[in-house]
Amino acid sequence: SGIFLTLDKAEFLTLPRSEQALALLRELLHDFPFAHRAGFAHTLGALLVPFIRPLIDGPTPLHLIEAPTRGTGKSLLAEVIPAVALGASAGVMVQPKNGEEFDKRVTSLLLEGSRVILLDNVHTLKGEVLAAALTARTWRGRRLGKSEMLTLPNDALWLATGNNVVLDDDMPRRIVPIRLDAGVELPEERAGFRHPDLRGWIKVNQTELMAACLTLIEQWKAAGQPAGTATLGSYESWSAKVGGVLQVAGVEGFLEGREHLYEISNPETEDWGH
């Protein structure tokens, strides 16, 4: 196993099980240049969602992985999250031309049973259809190529990636930010990563990484399932459960850094949601 590639094995084994779990997940995310501690907290929360989803009564928000420039690690992070929980990639959706196209694509992905839906490399996040998708407990859409209407559980984890993404004014309250910033002009030329082949490292250690996520959830259950103190409107159950797990684990920053979302919102953004 490559678990102890950069952790001191003797010291690691002396830690309580829950601290070992958190140390391993910090190791997983070590190379990502989070601009704020909220980025780590929200990424860890996204990793937990597929495991804790049955306990969440209602929708989950969109996790927006964004950066000021290309080459910062957004796409890799969007791969890491489903790879840990599912051993597979997310259901990917490119930016739709209109709301009808978005509607059909969401219906197809949910019908396929996609546990993670990724809006990849977006420039804007906008529109009534997307807004509805992010707050609906169930999704009603037309089966591709047929007139049949389907009602499907909307229990996927929603992710999006993009550089300098613009939001319409109704979107910030549906989003939690994961902002990456390498602080260099050409981030793709960085070297010295702890895990140069992170995909391979995850593949070797997936069982242990899954166990780490479950350990944090079990620690929260053993503590009496306390609700997180930070809350987000329309996502009260998600913020109570995921925020509670992070709080018990001692991870700070949950639901912080959201003021940036309002700074990048634009009420006049052209709508692809109709």
Side-chain angles (χ1 to χ4, degrees), residues 18 21-22 25 37-65 78 81-82 84-86 90-91 106-107 109-111 113-119 125 128-141 150-160 167 170-178 210 212-259 261-262:
S18 59
L22 185 56
L25 293 169
R37 67 180 184 176
F40 174 79
H42 294 155
T43 302
L44 186 52
L47 285 165
L48 294 172
V49 165
F51 299 98
I52 202 173
R53 191 65 178 88
L55 300 180
I56 297 173
D57 180 20
T60 61
L62 175 74
H63 291 72
L64 173 59
I65 306 169
I81 293 168
V84 168
L86 311 174
V106 171
T107 303
L109 288 171
L110 292 176
L111 186 60
S114 295
R115 301 267 307 280
V116 181
I117 295 177
L118 169 63
L119 305 176
L125 289 170
E128 294 177 2
V129 179
L130 176 60
L134 296 176
T135 50
R137 291 169 179 259
T138 57
W139 175 260
R140 184 166 170 78
L150 301 171
T151 302
L152 303 164
N154 183 21
D155 55 5
L157 168 66
W158 289 79
L159 303 175
L167 312 177
D170 203 33
M171 206 54 65
R173 65 189 183 90
R174 293 173 165 86
I175 290 174
V176 289
I178 301 173
M210 292 175 68
C213 293
L214 291 168
T215 294
L216 295 185
I217 294 169
E218 290 303 316
Q219 179 190 25
W220 167 72
K221 288 181 177 178
Q225 300 188 18
T229 54
T231 189
L232 184 62
S234 300
Y235 305 100
E236 290 84 359
S237 181
W238 165 83
S239 52
K241 303 296 195 305
V242 173
V245 174
L246 297 178
Q247 200 166 285
V248 170
V251 175
E252 299 180 335
F254 182 65
L255 289 181
E256 292 180 1
R258 299 189 64 259
E259 60 279 355
L261 299 174
Y262 292 91

Apply side-chain contact (heavy atoms from CB on, under 4.5 Å) to residues Leu64 and Val176 and explain how you reach the verdict.
CA-CA 6 Å; Leu64 173 59; Val176 289; over 6 Å; no

Look only at the side chain of Arg258 and the backbone of Ile175, and say whether a donor-acceptor pair between them is shorter than 3.5 Å.
yes

Flag the pair Tyr235 / Arg173 as yes when at least one side-chain heavy-atom distance between them is below 4.5 Å, and no otherwise.
no

Taking C-beta and beyond as the side chain, do Ile178 and Phe40 meet within less than 4.5 Å on heavy atoms?
no

How close do [X] and [Y] get, heavy atom to heavy atom, and via which atoms?
{"X": "Ser114", "Y": "Ala156", "answer": "O-CB, 3.5 Å"}
{"X": "Phe254", "Y": "Gly243", "answer": "CE2-CA, 3.5 Å"}
{"X": "Ala136", "Y": "Asn154", "answer": "O-ND2, 2.8 Å"}
{"X": "Asp170", "Y": "Ala131", "answer": "OD2-CB, 4.3 Å"}
{"X": "Pro59", "Y": "Ser234", "answer": "CG-O, 3.6 Å"}
{"X": "Leu110", "Y": "Pro153", "answer": "CD2-O, 4.0 Å"}

Checking side-chain contact (heavy atoms from CB on, under 4.5 Å) for the pair Ile52/Leu55: CA distance, chi angles, key distance, verdict?
CA-CA 6 Å; Ile52 202 173; Leu55 300 180; 4.0 Å; yes

Please identify each residue that fulfils side-chain contact (heavy atoms from CB on, under 4.5 Å) with [X], with sequence neighbours left out.
{"X": "Thr231", "value": "Glu236, Ser239"}
{"X": "Ala85", "value": "Pro50, Phe51"}
{"X": "Thr107", "value": "Asp103, Trp139, Leu150, Leu152"}
{"X": "Ala132", "value": "none"}

ring-ring contact (aromatic ring centres under 6.0 Å, His included) involving Trp220 - partner list, sequence neighbours excluded
none

First locate atom [atom1] of [X], then atom [atom2] of [Y], and finally report the distance between them rounded to the nearest 0.5 Å.
{"X": "Ile117", "Y": "Leu159", "atom1": "CD1", "atom2": "CG", "result": "9.5 Å"}
{"X": "Leu157", "Y": "Leu118", "atom1": "CG", "atom2": "CG", "result": "10.0 Å"}
{"X": "Leu167", "Y": "Leu125", "atom1": "CG", "atom2": "CG", "result": "5.5 Å"}
{"X": "Leu44", "Y": "Cys213", "atom1": "CG", "atom2": "SG", "result": "7.0 Å"}

Who passes salt bridge (charged side-chain N to carboxylate O under 4.0 Å, His left out) against Asp155, sequence neighbours left out?
none

Arg115: which residues meet the salt bridge (charged side-chain N to carboxylate O under 4.0 Å, His left out) condition with it, sequence neighbours left out?
none

Would you list the pairs meeting salt bridge (charged side-chain N to carboxylate O under 4.0 Å, His left out) in which at least one residue belongs to residues 215-232, sequence neighbours left out?
Glu218-Lys221

Mind jotting down which residue pairs meet the salt bridge (charged side-chain N to carboxylate O under 4.0 Å, His left out) criterion with at least one end in residues 46-57? Sequence neighbours excluded, please.
Asp57-Arg137

Indicate the ring-plane relationship of His63 and Trp238, choosing parallel, tilted or perpendicular according to the 30° and 60° boundaries.
perpendicular

Leu62 vs Arg174, side-chain contact (heavy atoms from CB on, under 4.5 Å): CA-CA, chis, key distance, verdict:
CA-CA 6 Å; Leu62 175 74; Arg174 293 173 165 86; 5.8 Å; no

Validation: residues 244-252 side-chain donor-acceptor distances under 3.5 Å, sequence neighbours left out:
from	atom 1	to	atom 2	distance (Å)
Gln247	OE1	Thr229	N	3.0
Gln247	OE1	Thr229	OG1	3.1
Glu252	OE1	Arg37	NH1	2.6

Go through the steps to decide whether Thr215 and Leu22 satisfy the test side-chain contact (heavy atoms from CB on, under 4.5 Å), and finish with yes or no.
CA-CA 9 Å; Thr215 294; Leu22 185 56; over 6 Å; no

Could you work out, with side chain to side chain donor-acceptor pair (under 3.5 Å) as the rule, every residue matching Ser18, not counting sequence neighbours?
Gln219

